[in-house]
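The structure under discussion appears below in the form of structure tokens.
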Amino acid sequence: MTVRTRFAPSPTGYLHIGGARTALFNYLFARHHGGKFILRIEDTDLERSTEESTQAIFDGMDWLEMDYDEGPFYQSKRSDLYREAALKLLDKGLAYKCFCTAKELTERREAAMKEGRAPRYDRRCRDIKDAGEQEGAPYTVRFRIPEGKTIFKDLIKGPIAIEHVEIEDLVMLRSDGTATYNLTVVVDDATMNITHVIRGDDHINNTPKQILMYEALGYDLPEFAHLPMILGSDKKRLSKRHGAGSVTEYHDLGYLSHALINYLARLGWSHGDDEIFSMEELIEKFSLDSVGKSSGVFNPEKLLWLNHHYIKTSTAKELSADIIERLKKTGVTVEEGSRIEAIIDGEKERSKTLIEMVEAIGFYFKDKVEYEEKPAKKFLKPEKALAPLEALREALADIDDSSFDATQIESAFQGLLDKFELKLGKLAQPVRVALTGTSVSPGIFETIEAMGKDMTIDRLTEAISYMKALPPSAE
RNA sequence: GUCCCCAUCGUCUAGUCUGGCCAAGGACACCGCCCUUUCACGGCGGCGACGGGGGUUCAAAUCCCCCUGGGGACGCCA
């Protein structure tokens, strides 16, 4: 039997961290077993479902590169199927009509809560004989929960038993005739031949209800696997409060999609002491046996570390399109090619996000350098830096345009160090400030190479003028 | 309130099923040192946990029970 899993979000918001991990585990499990992964949009709640949310979910799936084999299916287009199933149960006496109004139910529930009783439906319409009298009145269809208890073996949590007295006779069809979640899920998972239902453990309590419905409808049961929740740093269920909500927001924040994938995979699942996994490795190694039972706290620091790791190990070529796009948004137009790649290579090891990288390389594209106050004051001192910088400008000008590379630049530096009897740091820092405006940048030779001869000389000239214009120092 | 689930460093986790190899390993974060033209990267080291109590056993992080703590569910939401 081929494995078939599904991700079934309701389009009432974007694809968030928790949903993305559920999708990922379904995806990995299906791929690992050479099965199918299906996307289903659970949009039976017309009030809250929106097209924007549906699109946001697609965007998230796309960004994370989780491709699905079938779907997207929309529950809103399958209402006949659900209705048919509900009517069948009604016919067989496994479901019944309930004439209680929503208002009555809410009142009773609140009263029960207040008195410390279980806020469960009291089954008052279960056996009414005079249903005929109610003819014409709106009603819902409720599933008749039988006596006994349900035990199922969860692939992650192990055996779980729930007494039926704890389960209420749930509404399957609303008074407007539309189906509710527990019915749609069962009908869809059964008719789509889902073999493994992998979802958040907030659904554990729904599982016995659904198993009972599978049985009532005569369907074969799938396997169930309930994933532990992801919590925020306050140990509360993860929400927007804890940082970015939508996964695509992480793209905007400069994260690589694979960093998020790797992070999400390791939150709740492990493979010995390994931390870094390519998608291929995840597919190869993923197993529900290695999924933990306890909930995990979302740790942005570790995500950041992974992001940094993947930036470091990406090639400049791989990053360049994204970086160029981001530069464009800051008003800088750059062509693809070796120059931007050299710039990216210089910055890869020190940028934890692509946003940081764009900020860090901004100096290459500005018309004029803006000196930060502290470094300028410290390093652009005429009495120390003026002569070396002037000499450097000449030495660099002497290098042939075609061989203006780090090696040539380094030997130009070396000549000056000997002449002025300076250590490299004493020369590199003033140069760095002159070129970048800050005291922090990649290696100075690489920076000069990436900047190019003309711009380097222009900026050295600017720094020289700047120092000359300075009032005489008291030192 | 009732039911369900869970419990190893601050966090993610290995180890738990199949008790001894665990005076508990790795990773993130943090701290220190080294490398060094700055910042990073990297290297080395440090800090730091089996929630508590009872059992079972020659032996318990590992098995059992209770307590505590945390999470979840109880909708004409999904």
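Just so it is clear, the model here is predicted, and its values are computed rather than measured. Order of the sequence lines sets the chain letters (A, B, ...), proteins ahead of strands, with each chain counted from 1.
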Whole-Å distance between B:rU13 C1' and A:Tyr263 OH? 11 Å
Is the distance from OP1 or OP2 of B:rC76 to the nearest side-chain N or O of A:Arg142 less than 4.0 Å? yes
Categorize A:Cys100 for me: base, sugar-phosphate, or nothing, with a 4.0 angstrom heavy-atom threshold over every strand shown. base
Considering Watson-Crick and G-U wobble pairs with both distances under 3.5 Å, what does B:rA73 pair with? B:rU2
Cation-pi check, A:Lys366 to A:Phe363: give yes when NZ or CZ is under 6.0 Å from the six-membered ring centre and within 45° of the ring axis, no otherwise. no
B:rC76 phosphate, OP1 or OP2: any side-chain N/O from A:Arg109 under 4.0 angstrom? yes
The nucleotide from B:rU8, B:rG26, B:rA73 with an atom nearest the side chain of A:Lys302 is B:rG26
With a 4.0 Å cut-off on N to O distance, would you call A:Glu166 and A:Arg120 a salt bridge? yes
What is the distance, to the nearest angstrom, from the NZ atom on A:Lys153 to the C1' atom on B:rC5? 15 Å
Within this structure, what is the CD1-to-P distance between A:Ile145 and B:rC3, rounded to whole angstrom? 18 Å
Comparing nearest nucleotides in RNA chain B, the 5'-proximal residue of the pair A:Gly272, A:Lys293 is A:Lys293
Just how far, in rounded Å, is P of B:rC4 from CD of A:Glu168? 17 Å
Look at all strands and tell whether A:Arg40 reaches a base, only sugar-phosphate, or nothing, counting heavy atoms closer than 4.0 Å. nothing
Nucleotide opposite B:rA24 in a Watson-Crick or G-U pair, distances under 3.5 Å: none
If the C1' atom of B:rA60 is compared with that of B:rG54, how far apart are they to the nearest Å? 14 Å
For the atom pair CG (A:Leu267) and OG (A:Ser295), what is the distance rounded to the nearest 0.5 Å? 10.0 Å
Any salt bridge linking A:Glu42 with A:Arg40? Criterion: basic side-chain nitrogen under 4.0 Å from a carboxylate oxygen. yes
Could you state the atom-to-atom distance from NE2 of A:His203 to C1' of B:rA78 in whole Å? 6 Å
Regarding A:Asn206, tell me which of base, sugar-phosphate or nothing describes its non-hydrogen contacts under 4.0 Å with the strands shown. base
Contact class for A:Ser233 vs. all strands (heavy atom < 4.0 Å): base, sugar-phosphate, or nothing? nothing
From the candidates B:rG26, B:rA78, B:rU2, the one with an atom nearest any side-chain atom of A:Arg174 is B:rA78
Check this for me: A:Lys285, atom NZ, are more than 12 non-hydrogen atoms of other residues, nucleotides or ligands nearer than 6.0 Å? yes
Which residue, A:Leu173 or A:Asp274, contacts RNA chain B at a nucleotide closer to its 5' end, judged by nearest heavy atom? A:Asp274
For A:Thr207 and A:His226, does a side-chain donor sit closer than 3.5 Å to a side-chain acceptor? yes
What's A:Ala161 touching, base or sugar-phosphate or nothing? Going by heavy atoms closer than 4.0 Å. sugar-phosphate
Distance between the P atoms of B:rU16 and B:rA29, in whole angstroms? 28 Å
On a whole-Å scale, what distance lies between the C1' atoms belonging to B:rG48 and B:rC6? 23 Å
Salt bridge (Lys or Arg N to Asp or Glu O under 4.0 Å) with A:Asp169: which of A:Arg142, A:Arg124, A:Lys209, A:Arg126? A:Arg126
For nucleotides 20-24 of chain B, give me every protein contact, N/O to N/O, under 3.5 Å, one pair per line with atom names.
none

Apply the side chain to side chain contact (heavy atoms under 4.5 Å, CB included) test between A:Tyr263 and each candidate in A:Asn307, A:Leu306, A:Ile17; give the one that qualifies. A:Leu306
Ion pair check, A:Arg6 and A:Asp188, cut-off under 4.0 Å: no
Rounded C1' spacing from B:rC9 to B:rC63 in Å: 25 Å
What's the closest nucleotide to the A:Arg48 side chain, out of B:rG26, B:rG72, B:rA78? B:rA78
Length of the CD1-C1' vector between A:Ile230 and B:rG72, whole Å: 14 Å
Which of these nucleotides, B:rC76, B:rA78, B:rC74, is closest to any side-chain atom of A:Leu105? B:rC76
Measure the distance from CG on A:Asn299 to P on B:rC9 and round it to the nearest whole Å. 14 Å
From the list B:rC6, B:rG26, B:rC76, which nucleotide is the closest neighbour of the side chain of A:Asp273? B:rG26
Remember a base hit wins even if backbone is also touched, and classify A:Thr180 as base, sugar-phosphate or nothing at under 4.0 Å, heavy atoms. sugar-phosphate
Taking a pair as Watson-Crick or G-U wobble with both distances under 3.5 Å, which nucleotide is matched to B:rU16? none
For B:rA7, the Watson-Crick or wobble counterpart (both distances under 3.5 Å): B:rU68
Sequence-aligned protein contact record of nucleotides 61-71 of chain B, with B where the base is within under 4.0 Å of a protein heavy atom and S where only the sugar-phosphate is: ----------S
Taking the P atom of each, how far is B:rC4 from B:rC65, in whole Å? 14 Å
Electrostatic pair A:Lys293:A:Asp201 at N-O distance under 4.0 angstrom: no
Look at all strands and tell whether A:Glu47 reaches a base, only sugar-phosphate, or nothing, counting heavy atoms closer than 4.0 Å. nothing
Where the side chain of A:Pro119 is concerned, which of B:rC74, B:rC5, B:rC12 is the nearest nucleotide? B:rC74
Pairwise P distance, B:rC41 and B:rC31 [rounded to whole Å]: 12 Å
Who is the Watson-Crick or G-U wobble partner of B:rC44, with both distances under 3.5 Å? B:rG32
For the residue pair A:Thr436 and A:Arg432, confirm or rule out a side-chain donor-acceptor distance under 3.5 Å. no
B:rC35 to B:rG45 separation - C1' atoms, rounded to the nearest Å: 15 Å
Under-4.0 Å salt bridge between A:Lys88 and A:Glu84: no
Minimum-distance nucleotide to A:Ser294 side chain [options: B:rC3, B:rC6, B:rC77]: B:rC6
So A:Leu303, base contact, sugar-phosphate only, or nothing? Heavy-atom distance under 4.0 Å. nothing
If anything within 90° of 0 is syn and all else is anti, what is B:rC41? syn
Does a donor on one side chain and an acceptor on the other come within less than 3.5 Å for A:His271 and A:Ser290? no
When rounded to the nearest Å, what value does the distance between C1' atoms of B:rG72 and B:rG55 take? 31 Å
Once each nucleotide of nucleotides 30-46 of chain B is scored for protein heavy atoms under 4.0 Å, what B/S/- sequence comes out, 5' to 3'? -------BBBBSS----
Ignoring backbone atoms, establish whether A:Ser270 has a side-chain N or O less than 4.0 Å from OP1 or OP2 of B:rA14. yes
Apply the test ring-ring contact (aromatic ring centres under 6.0 Å, His included) to residues A:His196 and A:Phe25: give CA-CA distance (whole Å), side-chain angles for both, the deciding distance (0.1 Å), then the verdict. CA-CA 11 Å; A:His196 298 260; A:Phe25 283 20; over 10 Å; no
Cut-off 3.5 Å, side chains only: do A:Arg83 and A:Thr178 have a donor facing an acceptor? no
Run the salt-bridge test on A:Lys302 and A:Glu275 with the 4.0 Å N-O cut-off and return the result as yes or no. yes
